[in-house]
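The structure presented is a predicted model; accordingly, all values stated were derived computationally and were not measured. In what follows, chains are A, B, ... by sequence order, proteins preceding strands, each numbered from 1.
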Protein chains: 2
Amino acid sequence: MPSQPHKASRLKRVTLADIAARLGVTKVTVSRALNQPEKVSAAMRERVTECARELGYMPNRQAGSLASGHSRLIALLIPSLSNAVFSELHRGLEAPLAAAGYQLLIGHTGYSMQEEERLIETWLSFGIDGLVLCGSRHSPRTREMIARSGCAVVECMEKRETPLDMAVGLDQHAAGRAMTEAMIALGHRHIGFLGARMDRRVEQRLGGWRAAMEAAGLSQQALLTTDAPSSVRMGGELLDEMLTRWPETQAVFCCNDDLAAGGLFECQRRGLSVPDQLALAGFNGLEMTRGTWPPLASVVTPRREIGERAAALLLARLSGDLDATPHGLWEDLGFSLQTGGSLSS
Amino acid sequence: MPSQPHKASRLKRVTLADIAARLGVTKVTVSRALNQPEKVSAAMRERVTECARELGYMPNRQAGSLASGHSRLIALLIPSLSNAVFSELHRGLEAPLAAAGYQLLIGHTGYSMQEEERLIETWLSFGIDGLVLCGSRHSPRTREMIARSGCAVVECMEKRETPLDMAVGLDQHAAGRAMTEAMIALGHRHIGFLGARMDRRVEQRLGGWRAAMEAAGLSQQALLTTDAPSSVRMGGELLDEMLTRWPETQAVFCCNDDLAAGGLFECQRRGLSVPDQLALAGFNGLEMTRGTWPPLASVVTPRREIGERAAALLLARLSGDLDATPHGLWEDLGFSLQTGGSLSS
DNA sequence: ATGAAAGCGCTAACAG
DNA sequence: CTGTTAGCGCTTTCAT
């Protein structure tokens, strides 16, 4: 590695040894006073903490982890930084992990399996104890690295028959089907589907739409998808194209809330009244869906709860509570439908 | 630290020593073959890489960092995971840092100085080489830790007279003022300001609105702010209150695009035509502003470019190129106004 | 081009 | 309750 003149200019680092020397004890005692306070005398504890503060001691956790074999670090890999779904997953994870003394790291994969692999390699080489992944598609090398490392892992968001270890989420196919059936129940026959950023979860939602349409004997013609990133703007463009190609469309199921919001704006541009002239629904039930006009119908997914359960599973695995958390575990946290608003008045 | 039965079950880790033993050479040679390939014979290089692959060797970077004193790790601390502004900042940072062999970590502060402090402590104890912060408000302890560590640091987004070291962003006050002046130039007299999540940047934008209003001799009465998080829904609620309390309002400057989007929906709910009956503007110029109807006027901030410059400054500092990047450097990357749409037809 | 020795800062295991 | 002894896995010197 190259030299680093910048770092060279820093003050010499304060170490355990410095404190030990100043106090006339050994490093071990200082380490104990700091990390297992109950194992030293109250007086010692006092002197050490005082001296540490005075010298501005900051532990070197690389050394600590290297020696102990664990880091109390857990990494969360999210596909997108700007998708509120993942920020709520994060929120659910953070509190329980912090309470148990674990620090949560965030990594950004940009929906790329290859980037996921790179990140996991880096994290593992830095000794993380646990890993939270979104989805169930991973490269072979990713699987192998995780297996070798023995790192605890939980996969989030989507149903998975054979998890790497544990998984928690919801059945995206069933959710897509349920919303479509709700639309059919409202009497709509021409129901379109808009999808962007076609990852596995979106494909499963689409599968649900297909299943419901087929079961009802309806045409699956009005379908528009793109691999491009999802956005409000994309929602407007896709809806524009759909209404142009299939003017008979009565209702549109968008694969997420951003797309649906864009659809609302497009209706406004065209002077279409929602839901009277066109019904719209999104997916996820983000906070935003209650800020639009009309309020956006959506499939509400328990993102926060998924994070909380994922944290609990991880902690159970890390504490060795194996029986309570069998390998291959899959927890389905379900979903609910938020109707009314853009779906029916 | 507690025992970890889970980890105990893993296969023994493959180390440099294992490869060395298998090849009948020393660890140093293996290390060199892997990290400074030009320093060993081509034959050796070949044998080592081959054997490493075969055994599934994965370097332990904790050990590496501990020994070498640097980690090639750079941490980015963002206030919010769901704000697209920060995801674009991240995008700007990532490529140049990766190209230079650095790995970018993300931390989430939730707009809390205390959480920022906690995260920085963790990162520093894990030996990061660089730090990218948003904003200029940091706890005294944060400042001290950074100073002691000698870690390179750059502060992003807002203007700062006395940076910790380097800073890059834009003058939020000037931007707020410019947009307000544009509204005044359109002939509006009753111009309101809506603000949520009142952090320093939002306060600076508000200051810009005040300055412009004062200079024009206009009333600063129509002002509504909240410390609650910003959201589309909040935008609608705030606008509702504003129009109720100050029905004469002709134009509203929202502190960000989410709020403004909520404002658009609120206008729709009230049957107000934008911009004819009410003009609206947001801040940041997110992609979304081109997906609304009408398109949202906004102050376009160079988030991506800020990330790119921040990366360049950090790399310059880390490579010891001190002269080219003086301490205390402040780079203003400016802004531009996106008008039309929701502001004027 | 390769090796030997020393150590990064900390913790584990066992003594006393 | 405190100390001793040994590393964790890697990267430095400095030799050869």
Measure all distances between protein nitrogen or oxygen atoms and nitrogen or oxygen atoms of nucleotides 3-6 of chain C, and list the pairs falling under 3.5 Å.
| from | atom 1 | to | atom 2 | distance (Å) |
| --- | --- | --- | --- | --- |
| C:dG3 | OP2 | B:T26 | N | 3.1 |
| C:dG3 | OP2 | B:T26 | OG1 | 3.1 |
| C:dG3 | OP2 | B:T29 | OG1 | 2.5 |
| C:dG3 | N7 | B:R32 | NH2 | 2.8 |
| C:dG3 | O6 | B:R32 | NH1 | 3.4 |
| C:dG3 | O6 | B:R32 | NH2 | 3.4 |

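- Under the rule for a ring-ring contact (aromatic ring centres under 6.0 Å, His included), B:H138 has no partner lying at least two apart in sequence or in another chain.
- Shown for residues 43-55 of chain B: no residue has heavy atoms falling under 4.0 angstrom of DNA chain D.
- For the pair B:Y57 and D:dC10, the criterion of a side-chain N or O lying under 4.0 Å from OP1 or OP2 is met.
- Looking at residues two or more places apart in sequence or on another chain, you find a side chain to side chain donor-acceptor pair (under 3.5 Å) between A:E54 and A:R22.
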Q | Secondary structure of DNA chain D in dot-bracket form (Watson-Crick or G-U wobble, distances below 3.5 Å, | marking inter-strand pairs) | A | ||||.|||||||||||
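- Heavy atoms of other residues, nucleotides or ligands lying less than 6.0 angstrom from CD of A:E46 number 12 at most.
- Contact annotation: A:S41 side-chain N/O to D:dC1 OP1/OP2 distance is not under 4.0 Å.
- With D:dG7, D:dG9, D:dT11 as the choices, the nucleotide that has an atom nearest any side-chain atom of B:N35 turns out to be D:dT11.
- To the nearest 0.5 Å, atom CE of residue A:M166 and atom CZ of residue A:R160 are 13.5 Å apart.
- Legend: residues meeting side chain to side chain contact (heavy atoms under 4.5 Å, CB included) with B:S31, ordered by chain and number and at least two apart, are B:L16, B:N35.
- To the nearest angstrom, P of D:dG9 lies 7 Å from CG of B:N60.
- Straight-line distance from the CD atom of B:Q36 to the C1' atom of D:dT13: 12 Å, rounded to whole Å.
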